[in-house]
Colleague: 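The following block contains the structure, expressed as structure tokens.
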Amino acid sequence: MSGISSGAATHGPAHLTWRDMLARIGRAVWRALEAHGRSRGRRELLYLADRWQANQPQLAGEMRAASRRCSPLSRGAAEDSVDRLTSP
């Protein structure tokens, strides 16, 4: 042939195949969705804790403790991770 080759193996590690790129994008989207879910769960736990504080303070305290265990990823950080994984 004329020196033009096909396939990802010939382009080195900097070249991503479509499959690799889609897999990376998929993982980034999944992480962003997980972060959004943690953030929403944290808000819901705090809302419910406020509602139950008068009637069941122990339950409210457990809900607040559970909300502190949720480590929300900021929206900006989630978007940055998508940008970082999809940039060449």
Colleague: Among Arg42, His36, Arg43, find the residue that satisfies the side chain to side chain donor-acceptor pair (under 3.5 Å) test when tested with Ser39.
Modeller: Arg43
Colleague: Can you name the residues that form a side chain to side chain donor-acceptor pair (under 3.5 Å) with Trp18, not counting sequence neighbours?
Modeller: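 Listed in chain order: nothing, the list is empty.
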Colleague: What pairs of donor and acceptor atoms, side-chain ones from residues 44-65 against any protein atom, are under 3.5 angstrom apart with sequence neighbours left out?
Modeller:
residue, atom, partner, partner atom, Å
Asp50, OD1, Arg64, NH2, 2.8
Gln53, OE1, Arg64, NH1, 2.8

Colleague: Hey, what else clusters with Leu22 if you join Ile, Leu, Val, Met, Phe, Trp, Tyr whenever side-chain heavy atoms sit under 4.5 Å?
Modeller: none
